Amino acid sequence: MSSEWPLWEVFIRGQHGLNHRHVGSLHAPDAELAIRHARDVYTRRNEGVSIWVVRSNDITASSPSDKGPLFEPSNSKVYRHPTFFDIPDEVGHM
Amino acid sequence: MAEAATAVDRAAFFDWLCRMGDSCLVLGHRVSEWCGHAPVLEEDIALANQALDLIGQCQFWLSLAGEVEGRGRSADDLAYLRDAAQFRNLLLVERPNGDFGHTLMRQFLFDAFHFEMLRALEGSADPRVAAIAAKAGKEVAYHLERSADLVIALGDGSTESHDRMAAALRALWPYTGEMFADDAVDRAMAAAGIAPLPSGLKPAWAATVAEVLAAATLDHPGEVWQHGVSGAGGGRRGVHSEHLGYILAEMQFLQRAYPGAVW
Amino acid sequence: MYAQMVKAEGARPREEMTPEERAFQDRIDRGEKIEPKEWMPEGYRKTLIRQIGQHAHSEIVGQLPEGNWITRAPTLERKQILLAKVQDEAGHGLYLYSAAETLGVSRDELLALLHSGRMKYSSIFNYPTLNWADIGAVGWLVDGAAIMNQVQLQKTSYGPYSRAMIRICKEESFHQRQGYDILMKMCLQGTQAQKDMAQDALNRFWYPSLMMFGPSDKDSVHSAQSMQWKIKINTNDELRQKFVDQTVPQAEYLGLTIPDPDLKWNADKGGYDFSEPDWSEFFEVISGNGPCNEERLGARVKAWEDGAWFREGLMAHARKAESRRAERTAAE
């Protein structure tokens, strides 16, 4: 049986309350060690306060060929962005 | 607090601080020998972190030792310019790395002791000692978690990993007794409220070790002859194995070959 | 560089490209990043695996010459800095292997290729570190050269490689400085013996550092293809020139002499003229005949083989724990 350790994807939440962010991957025999390795590999410079790991194989990704149908529609929804609206300066900060 | 520190015999306090600092230094040195040679990249990185923690802790302890001694010696002076007989580290930490199993077992046996020691030191009557212990305690809690889990996993793992861990345990067990043997220095520290008697840490250590060995399916070695406890020997009293001389020859080479140079 | 003489595959003019290849090239030309599961020419994939793999191998073999001095570092602080730096190199190797793994090759496969000598690592790590100033010189020159290459590679077309380079560059910013700092201490505050050590280190590392960029590739088809794919951004000669121009004043500041009697400022080109390294030596070193090839590769192979039981033991435990969990769940 292969002794190659499975690959894990590592997500870290930094100090400033932002969402967990994908930072990279690593190899580990199980989830517990993956967390430990993530701590040692990806927080050497005090980058994080919370770690998630997930087996790379367990990630379902959108297919690159769907890029058009999945993401282009949102391009046309400019009204979702605050800069779409002109607010007069007199109103103050909004 | 401050009186407690001044009331204690300065030489004993210095000695005790060297015991703490030297064990960190020598173990940090040993662990750092793995850098670039560990079985897998993730472990290489983890071990380097551990070595960095230990060397950092050694700096705190030896700086304080220099301060207590009052002769103007820095942590570097103490690390680089004392000979083996002045080193006060445990025999356990100067054991050679051996295979990775030896390294991990040595780490676990020491971590379990180190953790209890630092926890007790957080209540030290000397605030400087308590502060170092509080900082180091967090690092060592992680070391212990890591080494305990690896000992369990490898003991439980394959036949080969189990056998290697069992061999490491047998080889290193006779060096564990020294951690808990009280002597005059320890009694002076305990009387001043600076540090616990090592013997008092043994029950908690023994419980942790028994639990981990059981989970690792490793047979407890039981009572065996312990090095450095009886007679005049023992690393904490400056009587070391042959290994320390080589460690120091390597570590101190530049400072010895170029006296007075700054780096 | 860390990836020297990487062979690129499948160069061909636009008019001979299939429609897919042309669309791919258009994306590259627009500066788009290529991501793992997207269509890519097989040559692009293979070239990247070679380049990223070689780069990763260089990081982990690169731990060895500096690691050689961790136990002998002259102060506790220098020891910590060096250890942290060599540890970073292991981390960088890890990031790069991960980037290569997105191309469908596993880290263990890449390591097997390194161990059997079928994949290379940078020639520079086959030179010995003989005195403490070498640690300074490696940081200053070797990391300096590496950073020069890696900064431009942040813009490389393959997303995971580019992201790994961004992270690496951020972390490496202290590496070159720590090396220079070692030499400043030795050259500006040190004894004559220390200055001699520093000069000796520069004498030995100067030409091997220039070799790191690889032979001139202005006529190389491999480089042309790699540049067309934006796997490579600058030519070897451009980077080498930039490196020399940056390094000469730094040597002067330390009071050290670059071991090249023909080195001189050329006002017309706005850079230094300098001597080429001995390329026959480079080809010998890269094909296994450098002063430390055997030790370096031997150390990597030994670490891997001695560690097999450890990796297998942990995997065996993980499988046992998994099946114990499954049994418990089934029993409930």
Side-chain angles (χ1 to χ4, degrees), chain A residues 1-67 70-71 74, chain B residues 28 31-32 34-56 99-101 103-104 107-108 111 115 135-165 211-212 215-216:
Chain A
M1 199 175 271
S2 159
S3 72
E4 176 150 20
W5 292 355
L7 193 63
W8 301 74
E9 300 303 320
V10 180
F11 300 81
I12 288 186
R13 179 154 56 76
Q15 315 276 6
H16 308 296
L18 297 176
N19 287 334
H20 283 77
R21 199 169 69 86
H22 183 241
V23 293
S25 39
L26 48 75
H27 288 269
D30 57 33
E32 289 75 22
L33 272 167
I35 291 267
R36 274 222 188 104
H37 289 160
R39 180 257 191 205
D40 282 318
V41 172
Y42 288 106
T43 68
R44 300 202 299 289
R45 286 169 170 77
N46 206 5
E47 293 96 332
V49 293
S50 167
I51 300 173
W52 290 347
V53 292
V54 59
R55 261 184 202 252
S56 310
N57 281 342
D58 291 342
I59 290 189
T60 310
S62 61
S63 147
S65 56
D66 290 345
K67 219 168 170 179
L70 280 182
F71 305 115
S74 65
Chain B
V31 175
S32 79
W34 278 105
C35 189
H37 304 274
V40 68
L41 270 177
E42 285 82 358
E43 270 305 308
D44 211 297
I45 294 167
L47 284 186
N49 272 344
Q50 210 163 279
L52 283 169
D53 287 345
L54 289 165
I55 295 163
D99 66 8
F100 208 64
T103 291
L104 289 173
Q107 191 69 41
F108 166 64
D111 288 344
F115 176 77
K135 179 175 189 314
K138 293 191 196 82
E139 295 168 351
V140 170
Y142 181 73
H143 297 179
L144 176 60
E145 214 181 283
R146 212 185 90 80
S147 62
D149 282 357
L150 285 173
V151 166
I152 292 171
L154 291 167
D156 176 62
S158 65
T159 313
E160 182 176 5
S161 71
H162 177 273
D163 293 351
R164 283 177 182 266
M165 295 315 282
E211 191 190 321
V212 168

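Below, chain A is the first sequence line, B the second, and so on; all start at residue 1. In this text, all values refer to a predicted model and were calculated from it rather than measured experimentally.
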query = For the residue pair A/Arg39 and B/Tyr142, what are the closest heavy atoms and their distance?
reply = NH1-CE2, 3.1 Å
ask   = Checking B/Leu150 against chain A: side chain, backbone, both or neither under 4.5 Å from a heavy atom?
value = side chain
query = Do you know the tightest heavy-atom contact between A/Val41 and B/Ile45?
reply = CG2-CD1, 3.8 Å
query = B/Arg146 and A/Asp40: side chain to side chain contact (heavy atoms under 4.5 Å, CB included), yes or no, with the steps?
reply = CA-CA 11 Å; B/Arg146 212 185 90 80; A/Asp40 282 318; 4.3 Å; yes
query = Which answer fits B/Glu145, side chain, backbone, both or neither, if we ask what part of it has an atom under 4.5 Å from a heavy atom of chain A?
reply = both
Segment of A/His27 engaging chain B (4.5 angstrom heavy-atom cut-off) = both
inquiry  = So, taking the atom named NE2 in A/His37 and the one named CG in B/Leu41, what distance separates them when rounded to the nearest 0.5 Å?
reply    = 10.5 Å
query = Any chance CG of A/Asp58 has more than 12 other-residue heavy atoms, nucleotides or ligands included, within less than 6.0 Å?
reply = yes
